[in-house]
Undergrad: 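The structure is given below, and queries will be raised subsequently.
As a basis for the values below, the full set of heavy atoms in this structure was taken, side chains included, without hydrogen atoms, waters or symmetry mates.
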Amino acid sequence: MRVADAEDAVAGAAAARERYDLVIVDLYTRLAAPAFADDPRFLGDCLGLLGPGGLVAVNIADAAGLARLRTAARAFARAAPGCELLAVGDTAVLDGSEEGNTVLVAAPGAGAPGAAAPRGSGLPLGLAERLAGAGPFPATVLEGARLDFALWGAC
């Protein structure tokens with residue numbers, strides 16, 4: 001476990017080729033976060049620190065409308081196009097009507113087009129169900145098409 005300045009810690013851990021089961025990113029003061037928190041390079045580096053089956057969990061403090069959640073999801077997609085995402089939080093926050101926190105969970109997927117998925121990649125089976133059952137209540141867990149619709153609407 002390492003607790004440190006996030007940008008420096010991630011860069012140092014990557015340089016040392018450290019691997020983790022879980023990388024937690026929690027960088028907010030109220031609704032403000034440092035600019036690098038939504039940078040594809042930073043979030044890609046977080047994914048790069050994961051061992052097999054590892055996850056990145058990003059706490060996102062957001063205003064109504066989900067702008068920061070969209071920004072973080074877009075940054076993960078740019079950093080690792082094949083990564084899998086899941087969002088969990090209060091129902092009123094995830095439907096975009098209220099300010100609050102959500103957690104965006106990311107797992108490495110297939111990576112670059114044509115690349116094989118690393119062993120143990122993707123979100124763990126049953127994770128959405130376990131999170132929904134664990135609370136907080138009322139909780140919403142979005143993944144796949146439901147998450148895409150919440151973030152981007154009908155296209």
Undergrad: Which atom pair, heavy atoms only, marks the closest approach of Ala67 to Asp62?
TA: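 Between these two residues, the closest heavy atoms are N-OD1, 3.5 Å.
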
Undergrad: Could you list the residues that satisfy side-chain contact (heavy atoms from CB on, under 4.5 Å) with Ala92, not counting sequence neighbours?
TA: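 In terms of side-chain contact (heavy atoms from CB on, under 4.5 Å), with neighbours along the sequence ignored, Ala92 is linked to Asp90, Ser97, Glu98.
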
Undergrad: Do Val23 and Leu47 have side-chain heavy atoms sitting under 4.5 Å apart?
TA: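 They are not in side-chain contact.
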
Undergrad: If you define the side chain from C-beta out and look only at heavy atoms, does anything of Leu131 sit under 4.5 Å from Leu86?
TA: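 They are in contact (side-chain heavy atoms under 4.5 Å apart), so the answer is yes.
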
Undergrad: Within the structure provided, determine whether Leu104 and Leu69 are in side-chain contact (heavy-atom separation under 4.5 Å).
TA: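 SC-SC contact between Leu104 and Leu69 confirmed.
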
Undergrad: Could you measure the distance from the CD atom of Glu7 to the CG atom of Asp45? Nearest 0.5 Å is fine.
TA: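 Glu7 atom CD to Asp45 atom CG measures 9.5 Å (nearest 0.5 Å).
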
Undergrad: Working to the nearest 0.5 Å, report the span between CG of Asp38 and CZ of Arg70.
TA: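 Atom-to-atom, Asp38:CG and Arg70:CZ are 13.5 Å apart.
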
Undergrad: Where do Phe36 and Phe42 come nearest, in terms of heavy atoms and distance?
TA: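 Scanning both residues completely, I find the closest heavy atoms to be O-CB, 3.4 Å.
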
Undergrad: Is Arg146 reaching over with its side chain to a backbone N or O of Val141, donor-acceptor style, under 3.5 angstrom?
TA: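 It does hold such a pair.
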
Undergrad: Under 4.5 Å between side-chain heavy atoms, counting indirect links through other Ile/Leu/Val/Met/Phe/Trp/Tyr residues: same cluster for Leu66 and Leu43 or not?
TA: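 Cluster IDs for Leu66 and Leu43 match.
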
Undergrad: Under the 3.5 angstrom rule, does the side chain of Arg19 hit a backbone N or O of Gly48 as a donor-acceptor pair?
TA: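 Checking the backbone N and O of Gly48 against the side chain of Arg19, a donor-acceptor pair under 3.5 Å is found.
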
Undergrad: Please report the interatomic distance OG1(Thr71) to CD1(Ile60), rounded to the nearest 0.5 Å.
TA: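 If I round to the nearest 0.5 Å, the distance is 8.5 Å.
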
Undergrad: Which atom pair, heavy atoms only, marks the closest approach of Ala87 to Leu147?
TA: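 Taking Ala87 first and Leu147 second, the nearest heavy atoms are CB-CD1, 3.8 Å.
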
Undergrad: Taking atom CZ of Arg68 and atom CG of Asn59, what is their separation to the nearest 0.5 Å?
TA: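 Between atom CZ of Arg68 and atom CG of Asn59 there are 11.0 Å.
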
Undergrad: Under a single-linkage definition using a 4.5 Å side-chain heavy-atom cutoff for Ile, Leu, Val, Met, Phe, Trp and Tyr, are Leu151 and Val93 assigned to the same hydrophobic cluster?
TA: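 Different clusters: Leu151 never reaches Val93 through Ile, Leu, Val, Met, Phe, Trp or Tyr contacts under 4.5 Å.
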
Undergrad: Does Arg130 use its side chain to pair, donor to acceptor, with the backbone of Leu125 at less than 3.5 Å?
TA: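 Confirmed, Arg130 side chain pairs with Leu125 backbone.
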
Undergrad: With rounding to the nearest 0.5 angstrom, report the CG to CZ distance, Leu142 to Phe149.
TA: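 Nearest 0.5 Å value for the CG-CZ distance: 11.0 Å.
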
Undergrad: Spell out, as yes or no, whether a donor-acceptor pair under 3.5 Å connects the side chain of Glu84 to the backbone of Gly122.
TA: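 No, because the side chain of Glu84 does not come within donor-acceptor range (under 3.5 Å) of the backbone of Gly122.
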
Undergrad: Does CG belonging to Asp21 count more than 12 external heavy atoms closer than 6.0 Å?
TA: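 Counting other residues, nucleotides and ligands, CG of Asp21 stays at 12 neighbours or fewer.
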
Undergrad: Of the non-hydrogen atoms in Asp8 and Asp5, which two are nearest, and what is the gap between them?
TA: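 What the structure gives for the nearest pair is N-OD2, 3.1 Å.
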
Undergrad: Restricting to non-hydrogen atoms, name the atom on Ala6 and the atom on Leu27 that form the minimum distance, rounded to 0.1 Å.
TA: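 Closest heavy-atom pair between Ala6 and Leu27: CB-CD2, 3.5 Å.
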
Undergrad: What distance separates Leu55 CG from Cys46 SG, expressed to the nearest 0.5 Å?
TA: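 Answer rounded to 0.5 Å: 12.5 Å.
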
Undergrad: If you look at every heavy atom in Pro40 and Ala79, which pair is closest and at what distance?
TA: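 Result for this residue pair: O-CB, 3.1 Å.
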
